[in-house]
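So you know, we letter chains A, B, ... as the sequences are listed, proteins then strands, and number each from 1.
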Number of protein chains: 2
Amino acid sequence: MAYRRTDQVSARLAQTRRQILNSAREIISELGFSGAQMSDVAQRSGVATGTLYRYFANKEELCRQVFREVSTREMNMLATIASSDAPPEERLAKVLRTFAGRAIQGRRLAYALLAEPVDVGLAEERSRFRRTHAEIFAGILEEGVASGAFRLCDVRLSAACMAGAIPTVLIGSLAPDAEALETDAERIVDEIVAFCFSGVSHPDTRTFQTREERAAS
Amino acid sequence: MAYRRTDQVSARLAQTRRQILNSAREIISELGFSGAQMSDVAQRSGVATGTLYRYFANKEELCRQVFREVSTREMNMLATIASSDAPPEERLAKVLRTFAGRAIQGRRLAYALLAEPVDVGLAEERSRFRRTHAEIFAGILEEGVASGAFRLCDVRLSAACMAGAIPTVLIGSLAPDAEALETDAERIVDEIVAFCFSGVSHPDTRTFQTREERAAS
DNA sequence: CATAGATATGAATTGCCATTCATATTGATG
DNA sequence: CATCAATATGAATGGCAATTCATATCTATG
C-alpha cells in the first residue's frame with residue numbers, strides 16, 4: 001500500500017475546487033458565461049487549464065455548478081420571504097421588490113442568469129431557476145386568491161407575467177440606461193411592483209369600458 | 001464589350017436571392033438561427049454553399065435579412081392597429097391580443113425572434129424589434145394617459161412590462177405545454193391581456209401601497 | 001529513501017462550421 | 001463560334017476555444 005488520500009490533501013483539493021468555482025463566478029459576473037474561457041478561469045485560480053478537468057467534467061459542468069450556487073442563494077432569499085406569515089399582498093410586494101432590487105444591484109450577473117445566450121446545459125439550469133421564481137410567485141398568488149386578497153386569476157400565468165416583466169424592464173434592450181437605474185432605482189422598482197400588483201388586484205373598472213361609459217357612471 | 005447583365009439574368013439572380021431567403025426562413029422557423037447551417041440552407045435552395053456568399057456577405061448578414069423581413073411584417077401589423085382611430089383601450093387590447101395570438105400561432109419562429117440565444121449581430125436586430133414593440137405599446141399608453149383612459153404611469157416602463165410578460169408566458173420554460181396552448185389559446189390570451197391591461201388601468205381598491213404611504217400609515 | 005499511485009501541467013489535438021478559392025459553367029457580345 | 005466576364009461550385013481551409021494526454025511533480029507509506 002503506497003498511497004492513501006489524507007485529510008490534509010482532501011482539504012487542499014476542496015480548497016482548489018472552491019477556488020475554481022470562485023474564480024469562475026467572478027469572471028462570469030464580469031463577462032458572462034460565454035465570455036468566461038477555461039484558460040482564464042484556470043489562470044485566475046492559479047492552476048493549469050488541464051487541472052480544471054480534474055475537478056469538473058467540462059466547461060458546462062463548471063458553469064452549471066456556478067449557476068446553481070448563485071441561483072440557489074437568490075431563490076432561497078425569495079423563498080424565505082414567501083414563506084413568512086405576513087398577508088399575501090405584503091409577501092408578494094416584498095418578493096417582487098427583492099427580485100427587482102437584486103437584479104438592479106447585480107445587473108451583470110442577473111444578465112448572465114436570466115438573459116445571456118447560453119446553450120442547452122445552462123438553459124436547463126435557467127429553466128429551473130425561472131420556474132422556481134414563478135412557483136414562488138404562484139404560491140403567494142394562490143393563497144391570496146383563496147383568501148380573497150387577489151382577484152380570481154390563472155395564478156401560474158400571472159406569475160409568469162411577473163417573472164417575465166421584471167427582467168425585461170431591468171435587463172437588456174428595454175431597460176433604462178445604467179445611470180437611470182442607479183439614480184431612479186426606487187421609483188422604477190415601485191412602478192414595476194405596482195404594475196405586477198394591479199395585474200392580480202381586484203378591478204373596479206371593467207377592462208373594456210370606454211371613456212363615455214366611465215363618464216356616465 | 002463582351003458581357004453586360006441582362007434583365008433576364010437580373011431576374012434570375014433576384015429569384016435565387018429570394019429562394020435563399022425563403023429557404024433560410026423555413027429552416028430558421030424549424031430549427032432557429034443557430035440550427036440553420038449554411039450548407040443546409042444552400043442545399044434546400046438548390047445551390048452550392050459557396051453561392052450563398054455571392055448573395056450575402058456571411059451567415060450573420062443572411063440571418064439579419066431574414067430577421068428583418070419577418071420582424072418587419074410583424075411590426076407593421078402592430079403599427080397598423082396602433083395607428084387606427086379607435087380609443088386607446090381598444091387599440092391596446094387589440095395590439096396585445098395580436099402580439100400574443102401570433103406568438104402562439106408561430107411559436108417556433110417567435111422563439112427564434114424573441115428568445116433564442118443569438119450572437120451580437122442578431123441581438124442588435126432583436127433589440128430593434130423589441131424596442132419597436134415597446135414603442136408601439138408606449139405610444140398607445142401615452143395617448144391613453146393623456147386622455148385619462150389609463151392611470152398615470154411610466155409609459156415606457158409599463159410598455160416594457162407588457163413586452164416582457166407576453167413572450168415569457170407563451171414561449172420558453174414558463175409557457176404552458178403545446179397542447180394547452182392550442183386548446184386554451186383564447187383563454188390564455190384573454191388572461192394575458194387582462195393582466196397587462198390592469199397594469200395601466202385606474203385602480204379602485206389599492207391593494208398595493210407605495211413606500212411613502214406605508215411609511216405614513 | 002524507494003516506490004506507486006494521485007495530482008497537476010500546458011502544449012498539442014480536436015471538432016465544428018463558417019468561409020474561401022481554384023476551377024468549372026454559364027451568358028452576352030461582336 | 002470565340003472570347004471574356006459573371007456566376008456557380010464544393011472540397012479544402014481556417015479559426016477558435018474546449019478538451020486531451022504524455023509528462024512531470026507531488027504525497028503517503030513500508
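Applying side-chain contact (heavy atoms from CB on, under 4.5 Å) to Ile192(A) and the options Leu96(A), Thr168(A), Val169(A) leaves one that passes, Val169(A).
Nearest nucleotide to the Met38(A) side chain, out of dA28(D), dG10(D), dT19(D): dT19(D). Relative to the side chain of Lys59(B), the nucleotides dA28(D), dA18(D), dA18(C) differ in distance, and dA18(C) lies closest.
The number of heavy-atom neighbours closer than 6.0 Å to CZ of Arg108(B), taken from other residues, nucleotides and ligands shown, is 12 or below. Within a 6.0 Å radius of CZ in Arg44(B), more than 12 heavy atoms belonging to other residues, nucleotides or ligands are found. For Gln43(A), the CD atom counts as loosely surrounded, since its 6.0 Å shell holds 12 or fewer non-hydrogen atoms of other residues, nucleotides or ligands.
The shortest distance between the side-chain N/O atoms of Thr49(A) and the OP1/OP2 oxygens of dG10(C) is not below 4.0 Å. Of the side-chain N and O atoms in Thr51(A), one or more sit less than 4.0 angstrom from OP1 or OP2 of dT9(C). Remark: Tyr55(A) is in phosphate contact with dA8(C), judged by side-chain N or O atoms under 4.0 Å from OP1 or OP2.
For the pair Arg54(B) CZ and dT7(D) C1', the computed distance is 5 Å after rounding to whole Å. dA18(D) atom C1' lies 17 Å from atom CZ of Phe33(A), rounded to whole Å. Atom P of nucleotide dT29(D) and atom CG of Asp7(A) are separated by 11 Å, given to the nearest angstrom. Rounded to whole Å, the distance from CG on Asp119(A) to P on dA18(D) is 11 Å. In this entry the distance linking OH of Tyr53(B) with C1' of dT13(D) reads 13 Å, nearest Å. The separation between Leu52(B) atom CG and dC21(C) atom P is 17 Å, rounded to whole Å. The separation between Leu62(B) atom CG and dT19(C) atom P is 10 Å, rounded to whole Å.
With DNA chain D read from its 5' end, the first of the two nearest nucleotides for Gln37(A) and Ala57(A) is the one closest to Gln37(A).
The shortest side-chain heavy-atom distance between Phe99(A) and Met77(A) does not fall under the 4.5 Å cut-off.
Applying the ring pair (Phe, Tyr, Trp, His ring centres under 6.0 Å) rule to pairs touching residues 155-175 of chain A yields nothing, sequence neighbours excluded.
Between the side chains of Glu125(A) and Ser71(A), no donor-acceptor pair of N or O atoms lies under 3.5 Å.
A heavy atom lying under 4.0 Å from DNA chain D marks the following residues of residues 12-31 of chain A, by number: Arg12(A).
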